[in-house]
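In what follows, a structure is listed as structure tokens, so that the remarks can point back to it.
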Amino acid sequence: AQSVAQPEDQVNVAEGNPLTVKCTYSVSGNPYLFWYVQYPNRGLQFLLKYITGDNLVKGSYGFEAEFNKSQTSFHLKKPSALVSDSALYFCAVRDWAGYALNFGKGTSLLVTP
Amino acid sequence: DAGVIQSPRHEVTEMGQEVTLRCKPISGHDYLFWYRQTMMRGLELLIYFNNNVPIDDSGMPEDRFSAKMPNASFSTLKIQPSEPRDSAVYFCASKSRTYGSIYFGEGSWLTVV
């Protein structure tokens with residue numbers, strides 16, 4: 001089954017510092033990977049996706065993600081964190097049929113002033 | 001674009017009552033998904049439709065749950081009878097093509113007492 005794992009329940013970072021939210025994947029075939037963000041009491045918002053091409057994918061709000069095939073990872077990064085980045089972040093992978101997404105359990109990011 | 005619209009946003013109901021959640025997907029999107037989010041289980045795919053036809057309902061917890069999509073602009077998720085363990089946030093989402101990104105509604109927050 002196509003799956004992703006987010007090893008950290010919570011990530012804490014000071015405002016202005018770089019942040020990384022980790023994700024590893026397990027798939028058969030080519031991975032189609034996604035990152036979503038969920039603010040409190042809101043739905044999930046799409047940040048970025050990797051389908052093919054450059055291993056560094058740029059997305060919304062200054063976020064980027066690095067696809068690493070040898071390490072089966074797709075970590076989310078941002079060079080300088082903002083307090084407003086505090087939210088729940090989900091990594092996801094396309095299911096085998098290519099229609100739905102299977103989500104990780106989420107990582108709570110807390111950016112402190 | 002109005003986005004995916006869900007109603008009600010919040011519902012509190014008594015155990016044994018029927019609950020109906022509603023969704024209007026983004027116009028032109030031909031895939032519709034119902035997800036459930038809980039603290040314990042994270043985001044779970046319940047069912048999805050393509051061109052109004054249910055494709056995979058293997059995530060529907062039990063016979064108390066049913067979903068319909070009578071036309072391209074409307075879907076319902078019904079729970080009858082409801083139980084306290086059904087308390088969760090139910091998300092509807094849609095996308096426009098096989099490998100496109102999925103767009104989520106704001107969710108329906110269900111509490112069964």
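Naming convention: chains lettered A, B, ... in sequence-line order (proteins, then strands); numbering from 1 in each chain. Remember, it's a predicted structure, so these values are computed and weren't measured experimentally.
Heavy atoms of Leu45(B) lying under 4.5 Å from chain A belong exclusively to its side chain. Contact of Gln45(A) with chain B is not made at all, since no heavy-atom distance falls under 4.5 Å. Contacts of Leu88(A) with chain B are made by side-chain atoms alone, with heavy-atom separations under 4.5 Å and no backbone atom involved.
Arg9(B) CZ: more than 12 foreign heavy atoms inside a 6.0 Å radius. In the displayed structure, Lys22(A) atom NZ is contacted under 6.0 Å by at most 12 heavy atoms of other residues, nucleotides or ligands. Enclosure of atom CG in Asn71(B) by more than 12 non-hydrogen atoms of other residues, nucleotides or ligands within 6.0 angstrom is indicated.
Note on Leu76(A) and Val111(A): same hydrophobic cluster, where clusters join Ile, Leu, Val, Met, Phe, Trp and Tyr whose side-chain heavy atoms are under 4.5 Å apart, directly or indirectly. Placement of Tyr61(A) and Leu109(A) within a single hydrophobic cluster is found when ILVMFWY residues are connected by side-chain heavy-atom separations under 4.5 Å, directly or transitively. Note: the hydrophobic cluster containing Leu48(A) also contains Val21(A) (ILVMFWY, side chain heavy atoms under 4.5 Å, direct or indirect links). With hydrophobic clusters built from ILVMFWY side chains whose heavy atoms lie under 4.5 angstrom apart, Val11(A) shares a cluster with Tyr39(A). Under a hydrophobic clustering in which Ile, Leu, Val, Met, Phe, Trp and Tyr are joined whenever their side-chain heavy atoms come within less than 4.5 Å, directly or via other members, Phe91(B) and Val37(A) fall into different clusters.
In this pair, Phe104(B) and Tyr36(A) present their aromatic rings perpendicular. The plane angle is above 60°, beyond the 30 to 60° band.
Atom NZ of Lys49(A) and atom CD1 of Ile102(B) lie 10.5 Å apart (nearest 0.5 Å). Here Ile51(A) contributes atom CD1 and Ser101(B) contributes atom OG; the two are 7.0 Å apart, rounded to the nearest 0.5 Å.
By a heavy-atom distance cut of under 4.5 Å, Phe33(B), Tyr35(B), Gln37(B), Leu43(B) are the residues of residues 32-44 of chain B near chain A, going up by number. Taking 4.5 Å as the heavy-atom cut-off, none of the residues of residues 14-21 of chain B approach chain A.
A donor-acceptor contact shorter than 3.5 Å links the side chain of Lys95(B) to the backbone of Tyr99(A).
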